[in-house]
Student: 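Got a structure for you, questions after.
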Amino acid sequence: MNQNRGLDREDILHAILGAGLKPLPFSFYSRDTRTVACELLGTYMVRFSPEGTVCGRVVETEAYLGREDPACHSARGPTPRNAVMFGPAGRAYVYFIYGMYYCFNVTTEDEKTPAAVLLRALEPVAGIELMSRRRGTREIKKLCRGPGCLAQALGIDKEINGTSVVDGPVRFYPPLPHDLPGEIAVAPRVGITQAADWPLRYYLKGNPFVSRP
DNA sequence: GATTGGATCGCCT
DNA sequence: GGCGATCCAATCG
């Protein structure tokens with residue numbers, strides 16, 4: 001992990017923002033959803049808020065393919081909730097679930113394909129104090145493990161829905177050279193009943209911050 | 001207007 | 001492995 005990367009956790013955010021690195025552009029997201037889900041692994045998800053900036057390295061994602069995917073919220077047509085997926089790529093799709101959690105997705109492809117990638121787990125990188133406060137735990141491994149926990153640690157709620165991930169309050173930055181993602185594992189998605197065996201979950205093999213290794 | 005069940009989590013045994 | 005918390009969107013009438 002970090003001790004082998006030559007940079008301390010908190011330094012990585014400075015390396016990203018201080019070096020003037022640009023967020024991944026809209027063209028990154030307007031591609032095949034599975035490709036985006038894979039290539040988001042190893043990127044840095046950064047949340048800017050009045051309370052501070054926090055950052056985590058993406059280690060686990062899931063692809064939701066659109067109308068032909070029964071598990072995707074867009075499969076049965078547009079509704080107020082899923083409207084963002086029917087818009088352009090590179091927007092946050094945030095929804096409320098189980099009466100107490102939010103899930104964060106980023107839209108992919110184009111207006112004709114209402115698809116998205118769910119962010120399931122991060123390796124905490126910077127803003128550990130703020131994330132710990134939001135989560136009510138100091139255990140780093142539990143800060144961003146699972147989509148509900150991740151959203152809570154980043155202070156994400158329905159206000160984030162529809163915002164741009166290129167110039168909005170949540171953005172993604174490319175992997176750093178010292179920190180390129182290794183081998184990717186593929187598995188069925190978690191917690192769904194429709195299309196339960198479709199292998200659309202992606203995670204970094206062996207990474208201890210993955211929610212379900 | 002009412003009902004149902006969910007892309008979860010944490011605590012219990 | 002099981003279950004309760006707790007809300008709202010979607011569906012049905």
Side-chain angles (χ1 to χ4, degrees), chain A residues 29 32-38 40-41 45 47 54 56 58-87 89-109 113-124 131-163 165 170 172 184-204 208-213:
Chain A
Y29 303 98
D32 172 78
T33 302
R34 279 167 281 215
T35 303
V36 176
C38 283
L40 277 173
L41 297 175
M45 182 175 182
R47 159 72 161 133
V54 303
V58 178
V59 299
E60 182 180 358
T61 61
E62 283 178 0
Y64 287 85
L65 302 183
R67 306 204 83 132
E68 78 274 21
D69 177 359
C72 188
H73 287 172
S74 64
R76 275 169 290 181
T79 67
R81 179 176 65 157
N82 66 23
V84 175
M85 272 198 287
F86 287 83
R91 268 67 176 187
Y93 169 46
V94 178
Y95 63 89
F96 188 60
I97 187 111
Y98 295 119
M100 49 181 73
Y101 298 108
Y102 292 94
C103 290
F104 179 96
N105 306 248
V106 56
T107 61
T108 57
E109 308 204 30
T113 307
V117 173
L118 171 70
L119 277 291
R120 281 197 57 90
L122 306 177
E123 173 177 344
M131 290 195 281
S132 299
R133 219 178 310 139
R134 285 170 171 157
R135 289 277 298 116
T137 177
R138 303 198 67 79
E139 287 191 63
I140 294 192
K141 279 182 78 169
K142 293 184 179 176
L143 289 181
C144 306
R145 190 174 63 188
C149 296
L150 180 160
Q152 188 175 48
L154 270 56
I156 285 169
D157 62 17
K158 62 188 178 194
E159 299 297 307
I160 302 298
N161 190 47
T163 60
V165 299
V170 177
F172 295 86
I184 294 174
V186 184
R189 294 173 291 187
V190 174
I192 55 174
T193 52
Q194 304 282 315
D197 57 345
W198 292 19
L200 294 174
R201 184 165 72 100
Y202 305 92
Y203 61 92
L204 295 183
F209 298 92
V210 169
S211 73
R212 313 249 185 128

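Each chain gets a letter, A, B and so on, in the order its sequence line appears, and its residues count up from 1. Treat the numbers as computed from the prediction; the structure is a model and nothing was measured.
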Student: Which nucleotide in the list dC8(C), dG6(B), dT8(B) gets nearest to the side chain of Thr193(A)?
Tutor: dG6(B)
Student: Name the nucleic acid region contacted by Gly99(A), choosing base, sugar-phosphate or nothing; use a 4.0 angstrom heavy-atom cut-off, strictly under.
Tutor: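 Contact class for Gly99(A): base.
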Student: How many whole angstroms separate atom CD of Gln194(A) from atom P of dA10(C)?
Tutor: 15 Å
Student: Does the dA7(B) base have a donor-acceptor partner in the side chain of Tyr95(A) within less than 3.5 Å?
Tutor: yes
Student: By the 4.0 Å heavy-atom rule, please label Arg135(A) as base, sugar-phosphate, or nothing.
Tutor: sugar-phosphate
Student: Between atom CG in Asp69(A) and atom P in dA7(B), what is the gap in whole Å?
Tutor: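 Nearest whole value for this atom pair: 11 Å.
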Student: Provide, to the nearest angstrom, the distance between the OH atom belonging to Tyr102(A) and the P atom belonging to dA5(C).
Tutor: 20 Å
Student: When the distance from OH of Tyr101(A) to C1' of dA5(C) is rounded to whole Å, what number comes out?
Tutor: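 Between C1' of dA5(C) and OH of Tyr101(A): 8 Å.
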Student: Rounded to whole angstrom units, what separation is found between the OH atom of Tyr93(A) and the P atom of dA9(C)?
Tutor: 10 Å
Student: Any side-chain heavy atom of Lys142(A) within less than 4.5 Å of one from Cys149(A)?
Tutor: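 In short, these two side chains do not touch, never coming nearer than 4.5 Å.
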Student: Heavy atoms from C-beta onward define the side chain here; which of dC9(B), dC7(C), dA7(B) lies closest to that of Phe96(A)?
Tutor: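 Looking only at side-chain atoms, Phe96(A) lies closest to dC7(C).
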Student: Looking only at the side chains, is there a donor atom on one of Arg134(A) and Gln152(A) sitting less than 3.5 Å from an acceptor on the other?
Tutor: no
Student: Output yes if the stacking criterion (under 5.5 Å between centres, under 30° between planes) is met for Tyr64(A) over the base of dA7(B), else no.
Tutor: yes
Student: Counting C-beta onward and ignoring hydrogens, is there a side-chain heavy-atom pair between Leu204(A) and Glu123(A) closer than 4.5 Å?
Tutor: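 The answer is no; the side chains never approach within 4.5 Å.
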Student: Base, sugar-phosphate, or nothing for Arg81(A), non-hydrogen atoms under 4.0 angstrom?
Tutor: sugar-phosphate
Student: With both distances under 3.5 Å as the test, what is the Watson-Crick or G-U wobble partner of dT6(C)?
Tutor: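 Because no pair has both required distances under 3.5 Å, dT6(C) counts as unpaired.
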Student: From OH of Tyr202(A) over to C1' of dA7(B), roughly how many Å is that when rounded to an integer?
Tutor: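 Going from OH in Tyr202(A) over to C1' in dA7(B) covers 15 Å.
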Student: Both distances below 3.5 Å, Watson-Crick or wobble geometry, any strand: find the nucleotide opposite dA7(B).
Tutor: none
Student: Glu62(A) CD to dT8(B) C1': how many Å, rounded?
Tutor: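 After rounding, the reported distance stands at 12 Å.
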Student: Choose from dC7(C), dA10(C), dA7(B) the nucleotide whose nearest atom is closest to any side-chain atom of Pro80(A).
Tutor: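 Given the options dC7(C), dA10(C), dA7(B), the side chain of Pro80(A) is closest to dA10(C).
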Student: Looking only at side-chain N and O atoms, does Thr79(A) come under 4.0 Å of OP1 or OP2 in dA10(C)?
Tutor: yes
Student: Provide the distance between the two P atoms, one in dT6(C) and one in dA2(B), to the nearest whole Å.
Tutor: 22 Å
Student: Considering just the side-chain nitrogens and oxygens of Arg120(A), establish if one lies under 4.0 Å of OP1 or OP2 belonging to dT8(B).
Tutor: yes
Student: Tyr98(A) on top of dT8(B)'s base, within under 5.5 Å and under 30°?
Tutor: yes
Student: Which class fits the ring pair Phe96(A) and Tyr102(A): parallel under 30°, tilted 30 to 60°, perpendicular over 60°?
Tutor: tilted
Student: Does NZ or CZ of Arg189(A) fall inside the cone over Tyr64(A)'s six-membered ring, less than 6.0 Å from its centre and within 45° of the axis?
Tutor: yes
Student: Output the single nucleotide from dA10(C), dG6(B), dC9(B) whose closest atom is nearest the side chain of Ile97(A).
Tutor: dG6(B)
Student: When the distance from NZ of Lys142(A) to P of dG10(B) is rounded to whole Å, what number comes out?
Tutor: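 Spelled out: NZ on Lys142(A) to P on dG10(B) is 7 Å.
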Student: So which heavy atom on Ala71(A) is nearest to which on Ile192(A), and how close?
Tutor: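 Heavy atoms of Ala71(A) and Ile192(A) come nearest at CB-CD1, 3.7 Å.
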